[in-house]
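What follows is a short report on a single structure.
Here is the naming used below: chain letters follow the sequence lines, and residue numbers restart at 1 for every chain.
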Amino acid sequence: MHWHKCETQKNTMQPKEGDCMLTSTFIHLPRVGEKTERRWWKMGINSWRNWLKAYDMGWFAKFQLRSKWRKLIERSIAELENGNASFFAELLPRQEYWRCYREFKGRTVFLDIETTGRSPWDYITVVGIYDGHRYTPFVHNHNLNKCIEALHDKAIIVTFYGSAFDLPFLRRSFPNIYFPPIHIDLCYLLKRLGYKGDLKAIERQLGIRRDKEIVGLSVMDAVQLWMRYKHGNDVNALRLLIKYNRADVVNLKPLMDFAYHEMARRVRGVS
DNA sequence: TACGTTCTTCACATGAGCGG
DNA sequence: CCGCTCATGTGAAGAACGTA
């Protein structure tokens with residue numbers, strides 16, 4: 001019962017703030033759900049390697065599934081090392097994809113699109129992609145289809161309401177587009193944390209600021225900007241539209257960071 | 001071994017809400 | 001306003017665990 005103290009410095013047994021959620025995740029094992037996972041955490045089993053140690057000490061001797069679990073945990077360690085996000089995408093329930101965020105942060109993209117509207121005949125005007133360091137706009141009739149390459153080899157894609165809007169729209173425009181295996185839709189993640197409303201409303205609630213130039217810009221204004229560029233050759237309108245899109249995309253990152261920590265806190269229980 | 005309990009999983013229906 | 005998803009709730013089934 002004291003082996004866990006060798007592994008971690010403190011006697012707090014549950015995964016701590018700052019721990020990586022994915023490597024302390026067990027709900028991707030068969031017949032392991034929220035309850036079982038939490039029970040293991042309480043016993044001090046707060047990482048895959050910890051679990052294997054417990055296994056070697058005969059901790060799970062009475063469980064029929066122990067060898068299946070062991071294989072999957074060893075596999076999890078290997079697949080994470082190989083950066084195989086699909087492995088986790090297949091085994092984790094969708095609403096738990098957020099757990100992968102920290103481990104795959106280096107291969108995460110934030111995405112938001114602008115269109116001429118929401119009807120079937122409307123089309124994409126701008127795809128904005130932010131990789132955590134650099135923002136890149138892809139513009140209709142310029143470099144729009146290059147956005148496909150920007151997604152190549154990424155592990156996680158983060159959007160706001162993208163599962164209902166951005167991704168279906170993109171797939172309609174580019175039937176062969178590749179999407180990273182793990183899609184985190186902040187709209188639903190934040191709603192579980194009690195934050196609902198559109199992106200701008202949530203930004204305000206969390207104190208995320210926008211540039212003066214675009215702070216008053218509404219969605220309809222964004223559609224208008226494209227029209228001013230397309231039919232009036234107004235390059236400044238396009239510039240402003242891109243600036244608007246940039247704000248949308250870049251702000252997804254602090255929101256994701258926030259949601260990750262809040263979800264981690266919640267899932268560990270109030271301790 | 002036998003039986004009761006706990007937990008996960010699946011299916012289905014309902015309702016909600018945000019995207020331009 | 002429409003379309004598209006996801007969350008939530010309920011219930012049932014069954015696997016696995018605990019207990020005696």
Give [X] one of three labels, base, sugar-phosphate or nothing, depending on what nucleic acid heavy atoms sit under 4.0 Å from its own.
| X | result |
| --- | --- |
| A/Val223 | sugar-phosphate |
| A/Thr36 | sugar-phosphate |
| A/Gly162 | nothing |

Looking only at side-chain N and O atoms, does A/Lys200 come under 4.0 Å of OP1 or OP2 in B/dC18?
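A/Lys200 to B/dC18 OP1/OP2: no side-chain N or O under 4.0 Å.
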Taking [atom1] from [X] and [atom2] from [N], how many angstroms apart are they, rounded to a whole number?
| X | N | atom1 | atom2 | answer |
| --- | --- | --- | --- | --- |
| A/His183 | C/dT5 | NE2 | C1' | 11 Å |
| A/Leu167 | B/dG20 | CG | C1' | 15 Å |
| A/Arg39 | B/dT6 | CZ | P | 12 Å |
| A/Phe63 | C/dC17 | CZ | P | 6 Å |
| A/Leu111 | B/dG20 | CG | P | 11 Å |
| A/Asp112 | B/dC18 | CG | C1' | 12 Å |
| A/Ile124 | B/dG20 | CD1 | P | 12 Å |
| A/Trp98 | C/dA7 | CH2 | P | 14 Å |

Measure from the side chain of [X], starting at C-beta and using heavy atoms only, and say which of [options] lies closest.
| X | options | result |
| --- | --- | --- |
| A/Arg31 | C/dA15, B/dC18, B/dG20 | C/dA15 |
| A/Lys196 | B/dC18, C/dT5, C/dG18 | B/dC18 |
| A/Cys187 | C/dT5, B/dC18, C/dA7 | B/dC18 |
| A/Asp198 | B/dG19, B/dC7, C/dC6 | B/dG19 |
| A/Phe160 | B/dC18, B/dG20, C/dT5 | B/dC18 |
| A/Pro168 | C/dC17, C/dA7, C/dT5 | C/dT5 |

Is any side-chain heavy atom of A/Val267 less than 4.5 Å from a side-chain heavy atom of A/Trp41?
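Yes, at least one pair of side-chain atoms sits under 4.5 Å.
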Say whether [X] and [Y], considering side chains only, have a donor N or O and an acceptor N or O under 3.5 Å apart.
| X | Y | result |
| --- | --- | --- |
| A/Tyr130 | A/Asp112 | no |
| A/His28 | A/Ser76 | yes |
| A/Glu96 | A/Trp98 | yes |

Within 45 degrees of the ring normal and closer than 6.0 Å to the centroid, is that where the cationic atom of A/Arg172 sits relative to A/Phe169?
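Yes - A/Arg172 lies over the ring of A/Phe169, closer than 6.0 Å to its centre and within 45° of its axis.
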Classify the side chain of A/Arg118 and the base of C/dC1 as holding, or not holding, a donor-acceptor pair under 3.5 Å.
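When only heavy-atom distances are counted, A/Arg118 does reach the base of C/dC1 through a donor-acceptor pair under 3.5 Å.
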Nearest heavy atom decides the nucleotide; on that basis, is A/Gln64 or A/Gln95 closer to the 5' end of DNA chain C?
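Nearer the 5' end of the strand: A/Gln95.
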Taking the nucleotide of DNA chain C with the nearest heavy atom to each, does A/Arg192 or A/Ala164 sit closer to the 5' end?
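The residue closer to the strand's 5' end, by nearest nucleotide, is A/Ala164.
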Under 3.5 Å on both distances, the Watson-Crick or G-U partner of B/dA13
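For B/dA13, the partner nucleotide comes out as C/dT8, under the 3.5 Å rule.
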Partner of B/dG20 by Watson-Crick or G-U wobble geometry, both contacts under 3.5 Å, or none?
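Its partner: none found.
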Are the charged groups of A/Glu262 and A/Arg266 less than 4.0 angstrom apart, N to O?
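A/Arg266 and A/Glu262: not salt-bridged.
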